Amino acid sequence: MAKKKGSISDILKSAYWVTKFLFKFSPGLFIATFITQIVTSISPFFRTKIFSDLIDSLTSGGQDSWINPFIWFMVVGLITSLFFFLQGQLNRILDIRLQAHLRKTFISKVAHLDYQHLESKETSALISKVDEEFGWRIRQTVSDLSNLLFNFMSLIAITVIILPKYPYIWLLIMIAQIPQYLIERYWVKQEWQIHEQNSDKNKELWDLNYQLRQKNYIAELRINNAVDYLVSKFSGIFDFFANQRVSIRIKKTPSEVLLTILSIIISGFSLAIIIHDVTVGLITIGLFTFYFDTIRRVGEVFQSFVYTTVSITENSYHIDNFKQILEMENVIKSGKTKIKGFHPPMIEFKHVSFKYPGSDRYVFKDLNLTIDSGEEIAIVGENGAGKSTLIKLLCCFYYPDSGQILIGGIDTRLLDLSNWYKHLAYLTQEFNNFGNMTLADNVTIGDPTKPINTAGVLSALKNADAKFWKKYKDGLSTRMSQRYGGEEPSLGQWQKIAIARIFYRDSSVMILDEPTASIDAVSEYKIFNELYRAITGKTLIIVSHRFSTVRNAERILVLDNGNVAESGTHEELLELDGLYSHSFRLQAKGYN
């Protein structure tokens with residue numbers, strides 16, 4: 001039988017993992033916090049004992065007998081206060097530094113995951129789930145572990161004090177905490193099941209939360225009178241989760257009331273026993289205060305112990321998700337073989353078959369294709385023909401299931417990826433825009449390893465026909481978003497900036513996926529004239545549906561059902577009167 005999630009071993013594993021993570025992050029801070037926690041958990045009992053001695057010295061009648069207990073009481077009180085202050089400071093420092101470390105660790109890990117991990121539904125759902133609350137969950141667990149240590153040391157001190165004198169009281173109080181722990185743990189599991197069973201609802205809630213705050217969504221929704229519709233969907237899901245949690249809270253009430261009554265009865269019984277011992281002279285008034293305060297602390301410590309372990313139980317589910325992300329291994333491993341020289345390498349697909357992970361449908365079966373060094377290639381085909389997949393394989397985002405992809409004669413499985421990417425410039429159809437950066441930054445991010453070269457930026461913008469920047473008051477230093485007090489480029493202007501990045505990067509192999517989809521025909525003409533002029537001696541691979549973009553390529557490949565159905569120049573393919581010719585005439589008819 002499979003072990004249920006949330007078992008004691010799961011909790012211990014989560015606690016151990018967080019402790020190890022914390023120690024590795026900052027061993028000095030961890031040890032200092034550990035030591036102060038031990039001192040602060042034990043010192044109150046010493047102070048209470050000295051206070052009981054002070055009371056006895058006052059009731060014994062001795063004129064100066066109270067002085068020594070008073071001095072010790074003040075000294076221990078001062079030490080206790082200083083350590084409590086130090087503990088608070090260390091905990092605040094630890095929390096601040098841990099929060100920053102967790103966020104940086106998570107972002108760095110996700111950013112370095114394989115592209116195929118990010119395309120995976122399961123992984124993307126896990127990342128979304130973790131991103132919502134991993135930070136505070138782990139920080140809360142760190143706080144819980146600190147409290148657990150405090151409670152554990154306090155229980156040791158309580159046991160040493162109470163057990164020899166009142167073993168039955170100690171045993172009774174300890175046994176009474178068991179049902180409280182089990183009941184609380186049960187309800188935590190119920191709340192977690194709501195979260196897990198409705199993860200799709202939770203994801204939809206966050207998507208709606210995003211869509212109702214973004215201007216590009218709001219503009220369309222407002223015109224369509226659809227804002228209230230989405231707000232209603234958002235409110236409905238939010239109310240669903242709220243009602244589920246309220247329902248659990250109501251169901252918990254009877255058991256919580258019974259546990260409260262049980263706690264009061266046990267406290268009353270314990271108090272009656274030590275009052276009896278005072279009346280018969282077995283203990284002094286001072287010891288009465290000492291034992292009473294210690295017995296009172298048992299309930300508090302155990303209650304804190306119960307809630308802390310329950311909190312760790314709840315957080316262990318989320319920590320396990322975060323741990324899965326950190327321990328996720330990439331499928332694509334960089335090899336060590338580098339491409340020789342700086343000229344564009346020959347690219348060869350030899351008997352390549354490929355299907356996406358988890359799919360039974362092959363995108364390619366026994367694909368053979370050669371792109372010569374410095375060749376201008378255009379790839380066309382219907383949606384789903386395999387164009388984007390071909391580029392992903394070429395960029396080593398995936399390995400083929402069988403066959404070989406050779407870059408300069410080197411199998412992609414053996415290729416030094418950082419070296420290959422230096423040869424590569426890639427503009428996706430979902431091009432990026434960085435509104436938080438300046439115009440110059442948006443261009444130079446095409447190759448941030450280069451020394452900043454203003455002349456290179458200006459040349460790249462000119463080649464991309466991005467002359468609109470001259471109207472900007474701050475020129476190249478203009479932030480690319482009104483949110484940052486800058487400008488708000490249109491979609492076509494953003495695409496020109498993305499193309500400028502390609503020119504700035506100046507790599508030997510250029511891949512352009514729908515590079516001018518948002519650009520007017522005049523700009524497209526200028527850009528491609530400049531592009532064909534600038535790529536002398538470079539390999540150019542263009543993926544596009546627009547025949548005006550691809551017709552001047554040296555060779556056009558027509559993909560159909562994962563195979564190269566046709567290959568040739570524009571004129572040769574028109575003469576062939578096949579798929580390319582048919583599609584071209586349909587598009588030309590639309591223009592006419």
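Just the heavy atoms: all of them, side chains too, but no hydrogens, waters or symmetry mates, feed the values below. Not measured: the values here are computed from a predicted model. For reference, positions follow the sequence shown, starting with 1.
- Between Phe397 and Tyr426, the ring planes are tilted. Angles from 30° to 60° get that label.
- Within a 6.0 Å sphere centred on NZ of Lys165, other residues, nucleotides and ligands contribute more than 12 heavy atoms.
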Does the pair Ser143 and Asn147 meet the rule for a side chain to side chain contact (heavy atoms under 4.5 Å, CB included), with working shown? CA-CA 6 Å; Ser143 176; Asn147 288 335; 4.0 Å; yes

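- Side chain to side chain, Asp293 and Thr48 meet the donor-acceptor criterion of an N or O pair below 3.5 Å.
- Taking CD1 of Ile248 as the reference point, atom OG1 of Thr253 lies at 12.0 Å (rounded to 0.5 Å).
- A salt bridge is absent between Glu488 and Arg483: the closest approach of a Lys/Arg side-chain nitrogen to an acidic carboxylate oxygen does not fall below 4.0 angstrom.
- The CZ atom of Phe30 lies 12.0 Å from the CG atom of Leu98; values are rounded to the nearest 0.5 Å.
- Between the side chains of Gln211 and Asp207, not a single donor N or O lies within less than 3.5 Å of an accepting N or O.
- Atom CZ of Phe234 has more than 12 heavy atoms from other residues, nucleotides or ligands within 6.0 Å.
- A salt bridge links Glu256 with Arg249; the closest basic N to acidic carboxylate O contact falls under 4.0 Å.
- Arg297 forms a cation-pi arrangement with Phe45, by the criterion of a distance under 6.0 Å to the ring centre and an angle within 45° of the ring axis.
- Inspection of the Asp56 and Thr284 side chains reveals an N or O donor paired with an N or O acceptor under 3.5 Å.
- Listed here is the closest heavy atom pair of Arg97 and Leu29: NH1-CD2, 4.3 Å.
- When all heavy atoms are compared, the tightest approach of Tyr421 to Cys395 is OH-O, 2.6 Å.
- The closest side-chain donor-acceptor pair between Ser146 and Asp144, if any, does not fall under 3.5 angstrom.
- The two residues Leu126 and Met328 make their nearest non-hydrogen contact at CD2-CE, 4.0 Å.
- Residues Ile169 and Ile266 are not in side-chain contact: their nearest non-hydrogen atoms beyond the backbone lie 4.5 Å or more apart.
- Residue Glu329 comes nearest to His117 through the heavy atom pair O-NE2, 2.9 Å, listed as atom of the first residue, atom of the second, then distance.
- Atom CG of Leu78 has more than 12 neighbouring heavy atoms from other residues, nucleotides or ligands inside a 6.0 Å radius.
- Within a 6.0 Å sphere centred on CZ of Phe152, heavy atoms belonging to other residues, nucleotides or ligands number 12 at most.
- Using a 4.0 Å cut-off between charged nitrogen and carboxylate oxygen, Arg139 and Asp95 count as a salt-bridge pair.
- Atom CD1 of Ile138 sits about 5.0 Å away from atom CG of Leu102, to the nearest 0.5 Å.
- Sparse packing is recorded around CH2 of Trp72, with 12 or fewer heavy atoms of other residues, nucleotides or ligands lying under 6.0 Å away.
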Test ring pair (Phe, Tyr, Trp, His ring centres under 6.0 Å) applied to Trp170 and Tyr166, step by step: CA-CA 6 Å; Trp170 180 87; Tyr166 296 108; over 10 Å; no

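- Using cut-offs of 30° and 60° on the angle between ring planes, the pair Phe322 and Phe106 is tilted.
- In the model, Gln89 has a side-chain atom that pairs as donor or acceptor with a side-chain atom of Arg92 under 3.5 Å.
- Note: Ser52 OG to Leu287 CG = 5.5 Å, rounded to the nearest 0.5 Å.
- Other residues, nucleotides and ligands contribute over 12 non-hydrogen atoms within 6.0 Å of the CZ atom of Arg103.
- Remark: the Tyr291 side chain and the Asp277 side chain contain no N/O donor-acceptor pair separated by less than 3.5 Å.
- For Phe51, the CZ atom sits in a loose shell: 12 or fewer heavy atoms of surrounding residues, nucleotides or ligands are nearer than 6.0 Å.
- The residues Glu119 and Lys392 are annotated as salt-bridged, a charged nitrogen and a carboxylate oxygen being separated by less than 4.0 angstrom.
- More than 12 heavy atoms of other residues, nucleotides or ligands shown are found within 6.0 angstrom of OH on Tyr399.
- Rounding to the nearest 0.5 Å places CG of Leu54 at 11.0 Å from CD1 of Ile67.
- For the pair Ser43 and Val76, the tightest heavy-atom approach, listed with the atom from each and the gap, is O-CG1, 4.2 Å.
- Lys201 forms a cation-pi arrangement with Phe240, by the criterion of a distance under 6.0 Å to the ring centre and an angle within 45° of the ring axis.
- Taking each heavy atom of Ser334 and Ser418 in turn, the nearest pair found is OG-N, 4.5 Å.
- In this structure, Ile50 CD1 and Ile55 CD1 are separated by 12.5 Å, a value rounded to the nearest 0.5 Å.
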